[in-house]
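Below you will find the structure I want to go over with you.
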There are 2 protein chains.
Amino acid sequence: MGVHDAMYILGGKWKIHLIAALLFGPKRYSDLLRDINGISGKVLSRELKEMEINQLVKRSVSNTQSNAVFYELTEYGESTKSIIAVLAEWGEAQREVIVHKNNDK
Amino acid sequence: MGVHDAMYILGGKWKIHLIAALLFGPKRYSDLLRDINGISGKVLSRELKEMEINQLVKRSVSNTQSNAVFYELTEYGESTKSIIAVLAEWGEAQREVIVHKNNDK
DNA sequence: CCGAATCCGAATGGATACTG
DNA sequence: CAGTATCCATTCGGATTCGG
């Protein structure tokens with residue numbers, strides 16, 4: 001089933017957020033670290049690497065400023081725009097229904 | 001932003017799968033346990049409870065057979081159909097691109 | 001049958017220090 | 001700056017047992 005495949009690639013806490021952050025163009029590692037609330041450097045690195053392996057993002061080193069690394073969506077990554085859009089729309093409309101999560105205790 | 005809200009409600013490993021499993025009508029706890037591959041009873045209970053709190057599903061006890069508990073999507077839960085549909089479609093189309101995940105080592 | 005409680009190992013993830 | 005490595009606390013989650 002397709003849902004499972006999609007979740008395998010897009011699942012986890014951060015991938016959707018990362019894609020959303022990259023929707024409007026390339027960003028540097030440090031920009032992503034600042035823009036995405038709550039993510040740590042270690043986790044950001046790992047997520048980006050996974051997404052690179054799965055062809056969602058492209059990593060490139062600036063040839064003018066050294067030490068600057070940019071990430072951008074591939075064409076494949078951009079094919080998730082429709083998903084992000086639907087998610088955003090739904091989340092926007094239904095915001096007031098959120099209560100809380102159960103905390104296992 | 002709406003994406004964050006949506007992920008807060010639908011995030012985690014199982015919620016999307018649970019919604020997909022309930023798309024075509026109510027199911028019993030034991031049916032879900034069997035149908036959803038890899039989930040344990042403990043985790044299934046917790047996920048269902050969270051979804052109940054957030055109004056995605058409705059829990060009801062059969063009045064004919066006792067000890068039978070059914071879960072079904074609420075109207076609100078059904079409003080996620082469009083999300084599931086887009087995810088399924090995308091996952092279906094892009095299946096061959098999957099490679100693997102990075103394992104932190 | 002449904003699910004809560006307990007036990008316990010595995011995986012996750014933050015903080016920090018370090019390297020090129 | 002962009003990561004990697006290490007340490008460690010927290011969380012997750014499976015297996016089992018127990019109760020309504």
Side-chain angles (χ1 to χ4, degrees), chain A residues 4 7-18 21-22 25-54 56-74 100-105, chain B residues 4 7-18 21-22 25-54 56-74 100-105:
Chain A
H4 182 272
M7 285 292 92
Y8 183 75
I9 299 181
L10 302 176
K13 202 171 167 182
W14 298 111
K15 300 225 173 39
I16 296 284
H17 295 288
L18 273 163
L22 291 171
K27 284 191 178 174
R28 301 179 59 162
Y29 175 85
S30 46
D31 294 329
L32 292 169
L33 197 55
R34 177 173 13 84
D35 293 353
I36 300 184
N37 207 284
I39 198 168
S40 70
K42 173 182 173 177
V43 174
L44 178 57
S45 290
R46 195 190 54 217
E47 297 285 306
L48 285 169
K49 196 180 294 178
E50 283 183 16
M51 292 171 77
E52 201 189 345
I53 289 172
N54 278 325
L56 288 170
V57 300
K58 179 176 176 303
R59 177 185 184 277
S60 54
V61 180
S62 168
N63 48 12
T64 62
Q65 335 158 237
S66 68
N67 290 338
V69 178
F70 287 86
Y71 291 90
E72 62 190 310
L73 293 180
T74 61
H100 68 82
K101 292 213 181 182
N102 199 38
N103 62 3
D104 205 22
K105 277 196 311 300
Chain B
H4 182 273
M7 285 293 91
Y8 184 73
I9 298 180
L10 302 177
K13 203 171 167 183
W14 299 110
K15 300 226 171 39
I16 296 284
H17 295 288
L18 274 164
L22 291 172
K27 284 191 177 174
R28 298 179 60 162
Y29 175 83
S30 47
D31 294 330
L32 292 168
L33 196 56
R34 176 172 14 82
D35 293 353
I36 300 184
N37 207 283
I39 198 167
S40 70
K42 173 181 172 179
V43 174
L44 177 57
S45 289
R46 194 189 56 217
E47 296 286 306
L48 285 169
K49 194 181 295 178
E50 283 183 15
M51 293 171 77
E52 200 188 347
I53 289 173
N54 278 325
L56 288 170
V57 301
K58 179 174 175 302
R59 177 184 185 279
S60 54
V61 180
S62 168
N63 48 12
T64 62
Q65 337 159 238
S66 68
N67 290 337
V69 178
F70 287 86
Y71 292 91
E72 62 189 310
L73 292 179
T74 60
H100 69 82
K101 293 210 179 183
N102 199 41
N103 63 3
D104 205 22
K105 276 197 311 299

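Naming convention: chains lettered A, B, ... in sequence-line order (proteins, then strands); numbering from 1 in each chain.
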Legend entry - Straight-line distance of B:K13 NZ to A:M7 CE, nearest 0.5 Å: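 Between atom NZ of B:K13 and atom CE of A:M7 there are 13.0 Å.
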Review item, side-chain donor-acceptor pairs of residues 31-40 of chain B, under 3.5 Å, at least two apart:
residue, atom, partner, partner atom, Å
B:D31, OD1, B:R34, NH2, 2.7
B:D31, OD2, B:R28, N, 3.3
B:D35, OD2, B:K27, NZ, 2.9
B:S40, OG, B:V43, N, 3.4

Inset, instruction - Would you indicate, yes or no, if C:dT12 has its OP1 or OP2 atom less than 4.0 angstrom from a side-chain nitrogen or oxygen of A:R46? - result: no
With the criterion being N/O to N/O and under 3.5 Å, what pairs connect the protein with nucleotides 14-19 of chain C, and how long is each?
residue, atom, partner, partner atom, Å
C:dG14, OP2, A:S40, OG, 2.5
C:dG14, O6, A:K42, NZ, 2.4

Under-3.5 Å N/O pairs linking protein and nucleotides 1-3 of chain D:
residue, atom, partner, partner atom, Å
D:dC1, O3', A:R28, NH2, 2.8
D:dC1, O3', A:N67, O, 3.1
D:dA2, OP1, A:R28, NE, 3.0
D:dA2, OP1, A:R28, NH2, 3.3
D:dA2, OP1, A:V69, N, 3.3
D:dA2, OP2, A:S30, N, 3.0
D:dA2, OP2, A:S30, OG, 2.6
D:dG3, OP1, A:R59, NE, 3.2
D:dG3, OP1, A:R59, NH2, 2.9
D:dG3, OP2, A:Y71, OH, 2.5

Legend entry - Between C:dG3 (P) and B:M51 (CE): distance, integer Å: 14 Å
Legend entry - B:T74: partners by side-chain hydrogen bond (donor to acceptor under 3.5 Å, both in side chains), with sequence neighbours left out: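 Applying side-chain hydrogen bond (donor to acceptor under 3.5 Å, both in side chains) to B:T74 gives none.
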Legend entry - Donor-acceptor contact present, side-chain A:Y29 to main-chain A:S45, <3.5 Å: no
Inset, instruction - Find the distance B:K27:NZ to C:dC1:P and express it as a whole number of Å. - result: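 Distance, rounded to whole Å: 17 Å.
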Inset, instruction - For the helix from C:dC1-D:dG20 to C:dG20-D:dC1, measure the angle between the helix axis at one end and the axis at the other, each built from five pairs, rounding to 10°. - result: 40°
Legend entry - B:S30: partners by side-chain hydrogen bond (donor to acceptor under 3.5 Å, both in side chains), with sequence neighbours left out: none
Legend entry - Euclidean distance, A:L73 CG relative to A:L18 CG, rounded to 0.5 Å: 9.5 Å
